[in-house]
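Note that these values count all heavy atoms, side chains included, but never hydrogens, waters or copies made by symmetry.
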Amino acid sequence: MNTKKHSKRLSYILRHAPEDVGLTLGDGGWVSIDELISGFQKKGWAITRDELDYVVEANEKKRFTISSDGFQIRAAQGHSVKINHDLQATKPPAYLYHGTAKRHMDAILREGLRPMSRQHVHLSVDVATAEKVGQRHGKPVVLFVASGKMSSAGFDFFCADNGVWLTDEVPAEFLSLQEA
């Protein structure tokens, strides 16, 4: 079994293109596991339920969640397709972190963080994770997000199943290169 290939396909379908395998994401981004497996098979991407369970369990970033009844699956976050997420607004820690590439810093410090092609801005609970995220895009820079102050100012925060924090935007005044 090629776990990495299955994981990439699951991310693509559950976050960006469910219609490619004949699916529509329900509230919260949930989809029937049986329909997902059937859609994969029609596309020529054979995957068994045991293989799917293994991919979900083995994914170190915990990108996928299987429902408590075991019949549905969703991507924890990262959607570019519009979904009605079922997460409840939650008070965030005083600081969260965002990793990005150094080349984006001028625009970010001027305009703040925007979701770009995603539904939300993604934030990490620790510097190390944010730095890993930033490395994917070039020379990494970690931004400190005054999430506690943002929350007090009326911005909503949501914590995804995998611990990634989500918000609609982060205005520049809540960003810094060091903890304030």
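One hydrophobic cluster, built from ILVMFWY side chains closer than 4.5 Å, holds both Ile108 and Phe155. Hydrophobic clustering of Ile, Leu, Val, Met, Phe, Trp and Tyr side chains at less than 4.5 Å, counting indirect connections, keeps Trp30 apart from Leu36. Linking ILVMFWY residues whenever their side-chain heavy atoms come closer than 4.5 Å, directly or via other members, leaves Val164 and Val142 in distinct clusters. Cluster annotation: Val55 is connected to Tyr12 through the hydrophobic network of ILVMFWY side chains, with a link wherever side-chain heavy atoms come within less than 4.5 Å. Val31 is connected to Trp45 through a chain of hydrophobic side-chain contacts under 4.5 Å among Ile, Leu, Val, Met, Phe, Trp and Tyr, so both are in one cluster.
Within a 6.0 Å radius of CZ in Phe158, other residues, nucleotides and ligands contribute more than 12 heavy atoms. Lys62 NZ: more than 12 foreign heavy atoms inside a 6.0 Å radius.
With contacts defined as side-chain heavy-atom distances shorter than 4.5 Å, the pair Ile37/Arg49 qualifies. Between Trp165 and Val125, the closest side-chain pair of non-hydrogen atoms falls below 4.5 Å. For the pair Tyr97/Leu143, no side-chain contact is recorded, criterion being any heavy-atom separation below 4.5 Å from C-beta on. A 4.5 Å side-chain heavy-atom check between Phe64 and Asp161 finds every atom pair outside the cut-off. Looking only at side-chain heavy atoms (C-beta outward), Ser124 and Asp126 stay at 4.5 Å or farther from each other. Annotation: side chain of Val81 is in contact with side chain of Leu25 (closest heavy-atom distance under 4.5 Å). Between His79 and His16, every side-chain heavy-atom pair lies at or beyond the 4.5 Å cut-off. Side-chain contact between Phe40 and Leu10 is present, with heavy atoms from C-beta onward closer than 4.5 Å.
Ion pairing between a basic and an acidic side chain is recognised when a charged N comes within 4.0 Å of a carboxylate O; Asp106 and Arg110 show no such pairing. Arg74 and Asp86 are joined by a salt bridge, as a carboxylate oxygen and a charged side-chain nitrogen come within less than 4.0 angstrom of each other.
Heavy atoms only, all atoms of each residue included: Val133 and Gly99 are closest at CG1-O, 3.8 Å. Considering every non-hydrogen atom in both Gly148 and Pro92, the closest pair reads N-CG, 4.4 Å. Among all heavy-atom pairs drawn from Leu166 and Ala160, the shortest one is CD1-CB, 4.2 Å. Of all the heavy atoms in Ala172 and Leu109, the pair that sits closest is CB-O, 3.3 Å. Heavy atoms only, all atoms of each residue included: Asp156 and Ala89 are closest at OD1-CB, 4.0 Å. Across every non-hydrogen atom of Met105 and Leu177, the tightest pair is CE-CD2, 3.5 Å.
For the atom pair NZ of Lys149 and OH of Tyr95, the computed distance is 5.0 Å after rounding to the nearest 0.5 Å. Going from atom CG of Leu123 over to atom CZ of Phe144 covers 13.0 Å, rounded to the nearest 0.5 Å. Taking NZ of Lys5 as the start and OG of Ser7 as the end, the distance is 13.0 Å to the nearest 0.5 Å. Taking OG1 from Thr100 and CD from Glu131, the interatomic distance works out to 12.5 Å, rounded to the nearest 0.5 Å. To the nearest 0.5 Å, atoms CD1 (Ile13) and CG (Leu23) are separated by 7.5 Å. Atom CD of Glu60 sits about 12.0 Å away from atom CG of Asn162, to the nearest 0.5 Å.
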Next on the checklist: Please evaluate residues Ile66 and Ile33 with respect to the criterion side chain to side chain contact (heavy atoms under 4.5 Å, CB included), reporting the C-alpha separation (whole Å), side-chain torsions for both, the decisive distance (0.1 Å), and the verdict.
Outcome noted: CA-CA 9 Å; Ile66 292 179; Ile33 290 175; 4.0 Å; yes
Item to check | Working for side chain to side chain contact (heavy atoms under 4.5 Å, CB included), residues Thr65 and Ile73 | outcome: CA-CA 6 Å; Thr65 304; Ile73 187 170; over 6 Å; no
Checklist entry - Under the side chain to side chain contact (heavy atoms under 4.5 Å, CB included) criterion, do Gln77 and His120 qualify, and how do the steps go? => result CA-CA 8 Å; Gln77 46 47 242; His120 297 99; over 6 Å; no
Next on the checklist: Run the side chain to side chain contact (heavy atoms under 4.5 Å, CB included) test on Leu175 and Leu113 for me, step by step, so that the C-alpha distance in whole Å, both residues' side-chain angles and the decisive distance to 0.1 Å come before the verdict.
Outcome noted: CA-CA 9 Å; Leu175 296 171; Leu113 293 171; 3.9 Å; yes
Next on the checklist: Under the criterion side chain to side chain donor-acceptor pair (under 3.5 Å), I'd like the reasoning laid out for Asp69 against Ser67: C-alpha separation, chi angles, the key distance, then a yes or no.
Outcome noted: CA-CA 5 Å; Asp69 65 9; Ser67 62; 2.5 Å; yes
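Of the possible donor and acceptor atoms, one in the side chain of Ser147 sits under 3.5 Å from a partner among the backbone N and O of Leu96. Proximity of a side-chain donor or acceptor of Glu35 to a complementary backbone N or O of Ser32 within less than 3.5 Å is not detected.
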